[in-house]
Each structure stands twice: as structure tokens, then as C-alpha cells.
2 protein chains.
Amino acid sequence: MDKNLKSMTTMHRMQQTGLELFYKQGFYNTSVDDILKSLGLSKGAFYYHYPSKEEFFINIVQQLVFRKVYSMLIEPVEGRNNPLHAIEVCLDEALETAEHNTMDYGFVLANFINEFNGRNEQITKYLTDICKVWEVNLVATLQKGKTDGFVERHVDSEAVATYIISSYFGIRTLMVSGNKKVLRYQYIQQLRNYFRSLSPVVIA
Amino acid sequence: MDKNLKSMTTMHRMQQTGLELFYKQGFYNTSVDDILKSLGLSKGAFYYHYPSKEEFFINIVQQLVFRKVYSMLIEPVEGRNNPLHAIEVCLDEALETAEHNTMDYGFVLANFINEFNGRNEQITKYLTDICKVWEVNLVATLQKGKTDGFVERHVDSEAVATYIISSYFGIRTLMVSGNKKVLRYQYIQQLRNYFRSLSPVVIA
DNA sequence: CGTTGGACCGACTGCCTGGTCGGTTTCTCC
DNA sequence: GGAGAAACCGACCAGGCAGTCGGTCCAACG
């Protein structure tokens with residue numbers, strides 16, 4: 001396993017830099033040479049580790065993008081007691097990260113879905129699968145929230161999940177070229193508003 | 001003016017085809033030759049009418065994209081009495097169009113904002129300006145709705161507008177690779193839910 | 001009928017791209 | 001310390017790109 005160590009390290013460095021540049025400039029608009037130059041490596045090194053640019057990207061999606069989405073948006077919500085509150089806090093934190101990131105180019109997943117849509121079915125599938133994991137998890141959490149009395153029983157969990165994901169995709173696109181701070185505040189405020197309509201009526 | 005007629009016709013054809021391909025494949029992923037080939041025209045014709053690919057695209061944004069957004073999303077809402085209802089109907093119709101379009105690649109505006117973000121400031125500005133027109137119009141309509149008693153007076157119109165735009169951007173991204181019919185239904189259902197939280201409480 | 005100019009043609013240039021491949025360095029293990 | 005494999009180098013190729021430019025076609029006009 002020791003002999004693999006160097007290889008693993010290089011591959012990991014390539015993936016990191018690759019994701020960074022693909023995210024910043026888009027996949028089709030980033031050349032393999034761009035990545036190599038920024039790493040001080042050569043063509044040979046790249047094609048020694050990866051068979052093609054496309055395969056390289058798929059690796060990045062599975063390794064890095066999925067993990068990112070999971071740790072930022074899925075894990076912090078998973079199985080929490082009060083789902084609406086957990087989701088709100090989670091999304092607010094995600095937006096906070098985006099807000100303070102001067103190099104923000106939108107939600108990675110949404111950006112790539114957009115770019116590959118209609119151009120590469122296979123990659124699109126990998127990306128939408130990540131979405132689906134997120135969605136399934138939201139639905140499960142919401143359903144649990146119903147039995148625990150945190151969510152109105154008549155609400156359509158699938159629809160709520162869709163609506164949450166939609167709004168997050170959208171706000172992240174808006175944030176890249178607007179006042180991040182204000183947008184985040186407005187978004188969370190209205191999300192809370194929306195969530196109120198999903199909560200059981202409290203009889204004071 | 002008669003001598004301009006032919007020129008105008010050609011330019012218009014170029015813009016139509018240009019938008020179609022840029023929308024389908026992205027700006028950077030569509031070559032000028034692609035457009036020309038699909039029109040049966042030559043390089044000479046293109047550079048006779050437009051100084052550059054970029055300038056060409058800016059023309060398309062101002063001529064076609066703006067009109068499209070205006071006629072589909074702004075005009076049908078503008079100055080309506082019951083704003084929440086008008087917005088709901090308008091977005092539903094917009095999604096219906098998207099649903100029945102087999103060649104749907106998402107919301108034009110959001111796609112382009114995504115693609116040019118961080119790569120071309122000037123174009124990004126043209127695109128976000130269109131967003132702003134939409135937003136301003138939503139806010140105005142909502143404010144009017146307050147005085148007319150259709151919208152709760154304490155709601156933050158700017159925030160609501162932001163939230164509406166976000167969710168629409170997002171659902172259009174999701175629709176390109178999901179069950180359009182279901183997504184549309186879910187979206188409108190939750191939008192209505194959300195809007196309920198903005199309406200004045202009806203004392204039955 | 002000759003000339004003029006707007007609309008268009010298409011070969012060409014210089015540059016960049018993904019990918020190949022013969023060769024070199026570095027590591028590992030005997 | 002030497003052999004063999006793993007990791008990496010960089011010149012090279014074919015194809016695609018935006019943009020150029022000398023030339024052609026043809027309607028309108030005098």
C-alpha cells in the first residue's frame with residue numbers, strides 16, 4: 001500500500017485543483033493544461049493517472065462533490081428531531097459559508113447540472129443522483145418530523161423537499177452577483193415564513 | 001430603409017439561431033461556425049454584421065432574452081389586482097411551457113448567469129440587470145397588493161421577490177432532468193402554501 | 001450600360017485543445 | 001548497487017476555434 005501513497009497524493013491534488021478550476025471556469029472552459037500548470041505537473045502525469053478529462057471529472061464528482069454536499073447539506077439535517085428548524089439552520093450556515101467566500105461562483109452542484117445538461121447524459125446522471133440523495137434525505141427527515149409532531153401531517157414531504165432544493169439552488173445563483181448578505185437574510189426570513197405554513201398550528 | 005431590410009432580416013435570423021444554440025449548448029461551447037452552418041451562411045456574413053461573437057451575444061440578450069423574460073414573467077403580473085394570485089398563475093404558465101417543451105434546457109437567464117459568472121463581467125451585468133427589472137416589478141406589484149388588502153402589510157416585499165425568483169430559478173434547473181410534470185405540480189403547490197403565509201388572515 | 005456599394009463567400013492564420021508516446025527520473029526491493 | 005516498475009516529462013499530432021481579408025455577386029442608380 002505504501003507504493004500507492006505517492007500516486008494517491010498526486011491524484012488527490014489533481015482532484016482538488018481540478019474541482020477548483022472547473023467550479024470557477026466551468027468544465028469545458030478549463031483545459032487540462034490549466035490544471036497541470038497550476039500544479040506544476042505535466043500532461044504525462046495527468047494521463048498516467050486518468051484515462052480522460054471526462055473520467056477525471058467523474059472521479060471528482062464522486063469523491064469531492066458528493067462529500068461536500070453530504071457534509072454541508074445532508075449530514076447536518078439527517079435524523080434531527082425538529083426537521084424544519086434543522087433545515088433552516090443548515091441552509092443558513094451553508095449560505096454563511098457562501099457569503100464569506102469572496103470566490104463564490106454559485107452552488108457547485110447546480111452549476112455543473114446546468115453546464116452538462118443536454119451535453120453529457122452520463123455526467124448529468126451522476127450529478128442528479130446526488131440531488132436525489134439530498135431529496136430522499138429531506139423527505140425522510142420531514143416524515144419523521146410528522147410523527148414527532150413538528151410538521152403538519154397533511155403536508156406533501158416530497159413537494160416540500162423539491163421546493164426547498166429549488167429555492168436553495170436559486171438563491172445560490174442569485175448570490176454570486178448580488179449583495180450576498182442581504183440575499184441570505186431575505187432568503188432565510190422567507191424560508192422561515194414558508195416553514196410556518198408547514199408547522200402544526202400552536203394553540204396558545 | 002429598404003436597403004436595410006435584408007440586413008435586418010439576416011441579423012434577426014442569426015440572433016434567433018444564435019440564441020437557440022447558445023441556450024442548448026452554452027455560449028463557450030457553441031462556435032460561430034455552428035450557427036453559420038445551421039443558417040447556411042459564411043464567416044464573412046457574420047463578421048459583416050457583428051464585430052465579435054461576444055458583441056453578437058450581447059445583442060441577443062438585449063433583443064431576445066429581455067423580451068422573452070418580460071413577456072413571460074413580468075408583463076402578465078404587472079399591475080394586477082391580486083398579486084399573489086397573478087404571480088402564481090404566471091409562474092404556472094411559464095412552467096407549463098417548459099413542461100411541454102421537449103428541448104428544455106432550463107431558464108435561459110439563470111443558465112447564462114451561471115455560465116458567464118466570473119468569466120465576463122460585462123455580460124453578467126446585462127443579465128443581472130434583467131433580473132433586477134423582474135425583481136423591481138415584483139416588488140411594485142406586491143406593494144400595491146398591500147394597499148389593496150391582498151398582501152399582509154408587514155411582509156418584506158423585497159425579500160418575497162427574492163424568494164420567488166430564487167425558487168423559480170431553482171425549479172427550472174431541476175426540471176431539466178426530472179419529471180417535469182410532477183415537479184411543476186409540487187412547486188406550484190408549495191408556492192401556494194408559501195403565499196398563504198403572506199396573505200392577510202381571513203376572519204371567516 | 002457602367003459603376004458603385006451593400007451583402008456575402010470561403011480560404012487562411014494563429015492559437016488552443018484533448019490526447020499520445022518514447023523517453024527520463026525516482027523509488028523499491030532484492 | 002542494479003534491475004524493474006512506478007511516476008512523471010514534454011514534444012508532438014490532429015482537430016477546432018475566433019477572427020481576417022481579398023474577392024464575388026447583384027440590385028440600384030445615373
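In the text below, chain A, chain B and the rest are named by the order of the sequence lines, each starting its count at 1.
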From [atom1] of [X] over to [atom2] of [N], roughly how many Å is that when rounded to an integer?
X: B:Met8; N: C:dA7; atom1: CE; atom2: C1'; result: 15 Å
X: A:Phe46; N: C:dT17; atom1: CZ; atom2: C1'; result: 13 Å
X: A:Leu41; N: C:dT25; atom1: CG; atom2: P; result: 17 Å
X: B:Asn4; N: D:dA28; atom1: CG; atom2: C1'; result: 14 Å

Nucleic acid contacts of residues 14-38 of chain A, taken as heavy-atom distances under 4.0 Å to DNA chain C
A:Thr30, A:Ser31, A:Val32
Hey, can you pull the residues of residues 47-64 of chain B with a non-hydrogen atom under 4.0 angstrom from DNA chain C?
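Output list: B:Tyr48, B:His49.
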For the ring pair A:Phe66 and A:Tyr126, is the centre-to-centre distance below 6.0 Å?
no
Answer yes if the ring centres of A:Phe116 and A:Tyr28 are under 6.0 angstrom apart, and no otherwise.
yes
Looking at A:Ala159, is its backbone amide N or carbonyl O close enough to the side chain of B:Tyr185 to form a donor-acceptor pair, meaning the two atoms are under 3.5 Å apart?
no
Is there a donor-acceptor pair under 3.5 Å between the side chain of A:Arg172 and the backbone N or O of A:Ser167?
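No, A:Arg172 side chain to A:Ser167 backbone: no donor-acceptor pair under 3.5 Å.
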Does the plane of the ring in [X] sit parallel, tilted or perpendicular to the ring in [Y]? Use 30° and 60° as the thresholds.
X: B:Phe57; Y: B:Phe112; value: perpendicular
X: A:Trp134; Y: A:Phe107; value: perpendicular
X: B:Tyr163; Y: A:Tyr187; value: tilted

The side chain of A:Lys6 lies closest to which of these nucleotides: D:dA7, D:dC9, C:dC8?
D:dA7
B:Phe195: which residues meet the ring-ring contact (aromatic ring centres under 6.0 Å, His included) condition with it, sequence neighbours left out?
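Testing B:Phe195 for ring-ring contact (aromatic ring centres under 6.0 Å, His included), a comparison that skips the adjacent residues, returns none.
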Below 4.0 Å: OP1/OP2 of D:dC8 and any side-chain N or O of A:Thr10:
yes
Can you find a donor-acceptor pair, distance only, under 3.5 Å between B:Lys43 side chain and D:dA18 base?
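Answer is yes: a donor-acceptor pair is held.
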